[in-house]
Amino acid sequence: MTAATDLSEATSQVADNIARIRADIAKSAQAAGRDPRSVTLIGVSKVQPDDRIEAALAAGQRVFGENRVQEAKQRWAARRETYPDLQLHLIGPLQTNKVKDAVALFDVIHTVDRPKLAKALADEMRAQSRRLPCLVEVNTGEEAQKHGILPGDVDAFVAACKEDYALQIVGLMAIPPVDDEPSPHFALLADMTKRLRLPWLSMGMSADYEVAIRFGATHVRVGTALFGSRQKPADAKPA
Ligand SMILES: *Cc1c(COP(=O)(O)O)cnc(C)c1O
């Protein structure tokens with residue numbers, strides 16, 4: 001099979017993938033005694049080719065996640081006109097020099113992870129009169145190379161975001177360490193959101209979204225299981 005055939009094969013499967021993932025979400029939610037509608041499926045569209053994006057839109061998917069501001073702008077700015085009900089979530093690290101574009105494009109920011117960014121977001125939201133719901137990213141595995149607030153600092157940081165910057169903090173987000181069993185990380189994040197009385201819990205990706213829902217995830221971020229693998233052409237710019 002040629003590479004081109006593989007690509008169109010993945011595109012033809014996007015609608016089926018979405019239907020299967022939605023059914024899995026409903027099953028996991030019901031097993032946990034939760035309303036399936038309490039879980040939002042975020043289709044993580046980073047790096048994916050246009051035909052797969054169009055296939056997802058044709059299948060009715062409207063909520064998408066991106067982790068780079070410029071890439072997201074290229075992919076979604078024009079489509080926003082065609083699909084006014086799109087909901088775009090920023091799920092990747094945000095540099096303060098991209099805050100202006102991020103506030104203009106996205107509807108939700110999942111990755112508030114330091115005071116300087118919290119302040120920059122608050123100032124920019126005020127300037128643009130766009131008060132976006134935000135989540136604080138938590139480094140549940142306390143990994144040195146990873147973004148996010150350490151679990152022991154979360155209460156103070158959430159309080160500062162609300163009180164010092166008047167950010168609308170609605171929840172917490174985490175990416176567990178790749179080699180760890182995710183359950184303890186999901187449990188820890190769920191405990192923290194409960195303690196802080198925050199309604200949103202962004203956790204669970206392609207490999208573990210069903211587990212995350214058992215632990216209370218309200219937003220699962222699913223990329224490869226929905227769109228297929230993120231194979232990049234050889235001449236692609238480094239991401
Ligand atoms: C890429 C990404 C995902 C999706 O990962 P998959 O394993 O492809 O589902 C989810 N969350 C974040 C923060 C990501 O960067």
Side-chain angles (χ1 to χ4, degrees), residues 1-31 34-92 105-111 173 175-176 178 182 200-214 217-239:
M1 202 186 264
T2 67
T5 320
D6 284 342
L7 282 172
S8 59
E9 172 84 15
T11 301
S12 69
Q13 280 166 7
V14 166
D16 286 349
N17 293 343
I18 291 173
R20 194 193 61 246
I21 294 165
R22 289 197 176 285
D24 287 347
I25 288 174
K27 217 186 296 164
S28 309
Q30 273 152 2
R34 301 180 54 202
D35 183 344
R37 286 170 304 182
S38 68
V39 182
T40 299
L41 170 60
I42 302 174
V44 178
S45 46
K46 63 184 181 198
V47 190
Q48 296 289 354
D50 274 344
D51 54 352
R52 296 186 197 175
I53 306 294
E54 292 303 329
L57 287 164
Q61 180 68 27
R62 290 294 181 273
V63 185
F64 295 92
E66 290 280 350
N67 59 356
R68 285 164 186 275
V69 178
Q70 296 313 315
E71 182 191 335
K73 206 170 159 181
Q74 282 184 1
R75 183 167 294 118
W76 293 110
R79 288 188 170 103
R80 266 233 184 267
E81 311 296 315
T82 319
Y83 300 96
D85 54 343
L86 271 184
Q87 216 189 86
L88 299 180
H89 293 239
L90 179 66
I91 61 170
L105 180 70
F106 288 98
D107 301 292
V108 182
I109 311 284
H110 287 235
T111 48
M173 174 270 210
I175 310 165
V178 278
W200 290 17
L201 191 42
S202 167
M203 59 189 196
M205 318 203 303
S206 289
D208 52 23
Y209 63 91
E210 291 166 286
V211 182
I213 290 166
R214 261 198 271 130
T218 62
H219 292 71
V220 292
R221 311 177 308 261
V222 181
T224 49
L226 196 158
F227 287 105
S229 63
R230 289 184 285 270
Q231 44 197 190
K232 280 183 279 179
D235 60 350
K237 274 187 282 177

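- Contact check for Met205 versus Ile175: side-chain heavy atoms found under the 4.5 Å cut-off.
- Between Arg214 and Glu210, the closest side-chain pair of non-hydrogen atoms is not below 4.5 Å.
- The closest side-chain heavy-atom distance from Val63 to His219 is not below 4.5 Å.
- Between Gly228 and Gln48 the shortest heavy-atom distance is O-NE2, 3.0 Å.
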Decide yes or no on side chain to side chain donor-acceptor pair (under 3.5 Å) for Gln61 and Arg22, but give the supporting numbers first.
CA-CA 10 Å; Gln61 180 68 27; Arg22 289 197 176 285; 2.9 Å; yes

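- Residues Pro36 and Gln30 form a side-chain contact, since some pair of their non-hydrogen atoms from C-beta on lies under 4.5 Å apart.
- For the side-chain contact (heavy atoms from CB on, under 4.5 Å) criterion with Val220, the lone passing option out of Ile42, Asp24, Ile25 is Ile25.
- Remark: of the listed residues Ile91, Leu57, Leu226, Val44, Leu57 is the sole one forming a side-chain contact (heavy atoms from CB on, under 4.5 Å) with Phe64.
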Any chance you could lay out the side chain to side chain contact (heavy atoms under 4.5 Å, CB included) test for Asp50 and Arg79, step after step, and finish with the verdict?
CA-CA 11 Å; Asp50 274 344; Arg79 288 188 170 103; 3.1 Å; yes

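- Nearest heavy-atom pair, Phe227 versus Ala56, reported as atom, atom and distance to 0.1 Å: CE2-CB, 3.8 Å.
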Begin from the C-alpha positions of Tyr209 and Ile21 and carry the test side chain to side chain contact (heavy atoms under 4.5 Å, CB included) through to its verdict.
CA-CA 9 Å; Tyr209 63 91; Ile21 294 165; 3.6 Å; yes

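- Side-chain contact between Arg230 and Lys46 is present, with at least one heavy-atom pair separated by less than 4.5 Å.
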